Amino acid sequence: MLREGMLHADWCDRTMSMMREKQFEACERRLFAHPGICLFSPEATELDVPLLLECSYEEKEQRLVSLAELRARVMVRLPLEVLYTGVNEMQMLERLLINDGEMLITDWDDIGAAEALVRRLWCGFRADGEEWKLILPRELHEPLMTAMHSPLAMRARELLFRFDATIHGLLYIAGLLHSAQPLSVFLQEVMQRSDAVALQVAKRYLQSTFEYITDAQGDLILLHPGLADPYQMFRMQPVEGIFTLELSQELIAGGMNGLLPEEVPLHEALCGALQGAMRPEFELADAAEDLRMLAKQGVPYEELEAVMASMLVVLPTEKMKTALRQLHLCTPHWMGLRTALMQ
């Protein structure tokens, strides 16, 4: 999911929990910009093509693209692309097919997958007051079902699971990751092909599965959802680019679990100190995780303490401050990775 800019002075508004809400709001705005018609709807006309393209993953072109040409592109790519969709997208497609191609979006956790299906040009989105509806055109039902139940589908899901776990682990360790190597690994080890269509499908998978921004060259930069200011991290990089790090199996395993070995006692001590003192709207584990994500970004201790205080129903105690200070001093910082998938 595309990460939109977040310029907040207060770190209380830049915790991972708060940014998740902002991401959903940004996703909602983008969906509401959709023309409200499916690419494959009988009512679609040539006049709808520019806006459909603008709301899609399609590469921007100088020349005009016709409705028939755009439909043909989607159909050519679809049998391969459906094999490499995110878990949430696949579950949503299954629900759409069961419900005859229509479903109401009632859960904010579904909005990212809904946007991804719209940007793939498979689905349309329509908002009628408080009712948000996702529509899968009937023309796509049979080809989608055929691809979803092909002999290759099960193997593709297994390879995607391993790839996702690795990339999420790397993002937890580094904060951000240039997409060049994940794309290469996706093509070689997951798709096992490297033609132009495969490259399109691989890039779309990264866009729909991970938070990202683009750099000056238009390359994807994958982000951990807790990284508040990726541009500041860019500014901190040496001239030759994001650093290279060889990773141990233990480190990768910790990243996949969302907690590095050296972070476990820090997390437990902070949870123990905060136990019973949280405001009703904060969950203890989520609050401790938010504070750890800020510590990984090198947020000054004074700012970190202010964020902690905003989560409490009491003034911070010395025990809380001590646990937070240890978190601040001992939590490994994010520094970004360019090359990390080493054997």
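On a predicted model such as this, the values are computed, not experimentally measured, just so you know.
Rounding to the nearest 0.5 Å places CZ of R14 at 9.5 Å from CG of L227. In this structure, CZ in R193 is found 14.5 Å from CD in Q188, a value given to the nearest 0.5 Å. For the atom pair E115 CD and I105 CD1, the distance stands at 10.5 Å (nearest 0.5 Å). Atom SG of C27 is separated from atom CZ of F32 by 11.0 Å, given to the nearest 0.5 angstrom. Within the model, atoms CG of L31 and CZ of R126 stand 13.5 Å from one another, a figure rounded to the nearest 0.5 Å. Taking CG from N88 and CD1 from I111, the interatomic distance works out to 13.0 Å, rounded to the nearest 0.5 Å.
The closest side-chain heavy-atom distance from K321 to Q326 is not below 4.5 Å. The side-chain heavy atoms of L220 and F210, taken from C-beta on, include no pair separated by under 4.5 Å. Residues Q200 and E59 are not in side-chain contact: their nearest non-hydrogen atoms beyond the backbone lie 4.5 Å or more apart. With contacts defined as side-chain heavy-atom distances shorter than 4.5 Å, the pair Y212/I221 does not qualify. Residues W334 and I173 form no side-chain contact, since every pair of their non-hydrogen atoms from C-beta on lies 4.5 Å or further apart. Taking the side chain as every heavy atom from C-beta outward, H224 and M16 approach each other to under 4.5 Å. In this structure the side chain of C38 never reaches within 4.5 angstrom of the side chain of C123, judged on heavy atoms. A heavy-atom distance below 4.5 Å is found between the side chains of S150 and L83.
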Practice item. Take L52 and S56 through the side chain to side chain contact (heavy atoms under 4.5 Å, CB included) test and state the conclusion after the steps. Key: CA-CA 6 Å; L52 284 168; S56 77; over 6 Å; no
Practice item. Please assess L274 against L291 for the test side chain to side chain contact (heavy atoms under 4.5 Å, CB included), listing each intermediate value before the final yes or no. Key: CA-CA 12 Å; L274 299 179; L291 291 168; 4.3 Å; yes
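Put simply, the side chain of H141 gets close to the backbone of L136: a donor and an acceptor are under 3.5 Å apart. Checking side-chain atoms of H328 against main-chain N and O of G298 turns up no donor-acceptor pair under 3.5 Å. Side-chain atoms of S41 never come within 3.5 Å of backbone atoms of A44 as a donor-acceptor pair (strictly under, hydrogens ignored). In this structure, E131 contributes its side chain and A127 its backbone to no donor-acceptor pair below 3.5 Å. T209 places no side-chain N or O within 3.5 Å of a backbone atom of L206 that could act as its donor or acceptor partner. Between the side chain of E102 and the backbone N or O of L134 there is no donor-acceptor pair closer than 3.5 Å. Judged by distance alone, with hydrogens and angles left aside, the side-chain atoms of T331 form a donor-acceptor pair with the main-chain N or O of L327 at under 3.5 Å. The backbone N or O of C12 lies less than 3.5 Å from a partner atom in the side chain of D10, making a donor-acceptor pair. For the pair Q297 (side chain) and G226 (backbone), a donor-acceptor distance under 3.5 Å is present. E46 places a side-chain N or O within donor-acceptor distance of the main-chain N or O of L67, the cut-off being under 3.5 Å.
With no hydrogens or angles considered, no side-chain donor-acceptor pair links E21 and S17 at under 3.5 Å.
More than 12 heavy atoms of other residues, nucleotides or ligands lie within 6.0 Å of CG in L329, so this atom counts as buried by the packing criterion. Under a cut-off of 6.0 angstrom, the local environment of CD in E25 is crowded, with over 12 non-hydrogen atoms contributed by other residues, nucleotides or ligands. Within a 6.0 Å sphere centred on CE of M75, heavy atoms belonging to other residues, nucleotides or ligands number more than 12.
In this structure, F186 and F163 have perpendicular ring planes: the angle between them is above 60°, well past the 30° mark.
No salt bridge links K22 with D13; every basic N to acidic carboxylate O contact stays at or beyond 4.0 Å. Checked for salt-bridge contact, R120 and E89 meet the test: a charged N lies under 4.0 Å from a carboxylate O. We find that R73 and E58 are joined by a salt bridge, their nearest charged nitrogen and carboxylate oxygen being less than 4.0 Å apart. By the 4.0 Å N-to-carboxylate-O rule, R162 lies too far from E158 to be salt-bridged with it. Salt-bridge check for E263 with K296: passed, with a basic side-chain N closer than 4.0 Å to an acidic carboxylate O. A salt bridge is defined here as a Lys NZ or Arg NE, NH1 or NH2 lying under 4.0 Å from an Asp or Glu carboxylate O, and R20 with E211 fails to meet this definition.
Minimum interatomic distance between V82 and W122 (heavy atoms only, all atoms of both residues): CA-CH2, 3.7 Å. Of all non-hydrogen atoms in L97 and M148, the two that sit nearest each other are CD1-SD, 3.8 Å. Heavy atoms only, all atoms of each residue included: A277 and V314 are closest at CB-CG2, 4.0 Å. When all heavy atoms of P316 and M308 are compared, the pair lying nearest together is CB-CE, 3.8 Å. Across all non-hydrogen atoms, the minimal contact from L304 to L294 is CD1-CB, 3.5 Å. Of all the heavy atoms in V118 and H34, the pair that sits closest is CG1-CD2, 3.2 Å.
Taking Y57 as the reference, nothing meets the ring-ring contact (aromatic ring centres under 6.0 Å, His included) condition, with sequence neighbours excluded. With sequence neighbours excluded, no residue forms a salt bridge (Lys or Arg N to Asp or Glu O under 4.0 Å) with D164.
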Which atom pairs, one a donor and one an acceptor, fall under 3.5 Å between side chains of residues 281-289 and the rest of the protein, sequence neighbours left out?
unit_1, atom_1, unit_2, atom_2, d
E281, OE2, R279, NE, 3.0
E281, OE2, R279, NH2, 2.5

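Side-chain heavy atoms closer than 4.5 Å link hydrophobic residues (I, L, V, M, F, W, Y) into clusters, and following such links, even through other members, never connects I135 to V49.
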